[in-house]
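Nothing here was measured: the structure is a model prediction, and the numbers come from that model. Just so it is clear, the values below take in all heavy atoms, side chains as well, and ignore hydrogens, waters and symmetry mates.
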Amino acid sequence: MNNDFSLDEFHIPRWKELPSINLYLDQVVNLINSCLTPLIFNTTDYDNEDSQVLTKTMINNYVKNNLIEPPVKKQYSKSQIAKLFVICVLKQVY
């Protein structure tokens with residue numbers, strides 16, 4: 001594991017900590033990657049697509065496959081963001 005990372009410091013946002021405003025696709029990707037990438041890939045290089053837990057394409061596929069609801073006016077709600085966190089974590093376990 002990366003020496004700069006400790007499981008004691010790891011935190012997935014709780015429901016009340018998720019943004020109360022709707023977010024655009026780029027914002028959702030950045031939020032989830034910034035929270036999960038250190039745990040899963042042990043890196044802080046969020047710009048490299050190979051080191052991302054979630055990409056725009058993945059979200060679009062999850063919408064197409066009805067895993068999450070389509071965005072409203074290109075924005076994702078708190079519920080959709082929470083579902084994406086669950087999908088990303090479970091995908092790593094699976």
Chemist: For residues L31 and L23, determine if any side-chain heavy atom of one lies less than 4.5 Å from a side-chain heavy atom of the other.
Modeler: yes
Chemist: Can you see which heavy atom on I81 is nearest to which on I32, and at what distance?
Modeler: O-CD1, 4.2 Å
Chemist: Provide the closest heavy-atom pair for Y24 versus K73 in the form atom of the first, atom of the second, distance.
Modeler: CE2-O, 4.1 Å
Chemist: Rounded at 0.5 Å granularity, tell me how far NZ in K91 sits from CE in M58.
Modeler: 4.0 Å
Chemist: Could you tell me which residues satisfy side chain to side chain contact (heavy atoms under 4.5 Å, CB included) with P13, sequence neighbours excluded, listed by chain and number?
Modeler: E17, L18, C35, F85
Chemist: Tell me, with the steps shown, if V28 and I59 meet side-chain contact (heavy atoms from CB on, under 4.5 Å).
Modeler: CA-CA 9 Å; V28 173; I59 294 176; 4.0 Å; yes
Chemist: Among all residues two or more places apart in sequence or in another chain, which pass the side chain to side chain contact (heavy atoms under 4.5 Å, CB included) test with V89?
Modeler: I12, L36
Chemist: About how many Å separate CG of N61 and CG of L67, when rounded to the nearest 0.5 Å?
Modeler: 9.5 Å
Chemist: Rounded to the nearest 0.5 Å, what separation is found between the NZ atom of K64 and the OG1 atom of T57?
Modeler: 8.5 Å
Chemist: W15, L90: one ILVMFWY side-chain cluster at the under-4.5 Å cut-off?
Modeler: no
Chemist: Atom CG in N60, atom CG in N65: separation rounded to 0.5 Å?
Modeler: 11.0 Å
Chemist: Using modelled atom types only, decide if a donor and an acceptor are shared between the side chain of Q80 and the backbone of S77 within a distance under 3.5 Å.
Modeler: yes
Chemist: Could you report the tightest heavy-atom contact between P71 and V63, atom names first, then the distance?
Modeler: CD-CG2, 4.4 Å
Chemist: Taking atom CD1 of I21 as the centre, report whether more than 12 heavy atoms of other residues, nucleotides or ligands fall under 6.0 Å from it.
Modeler: no
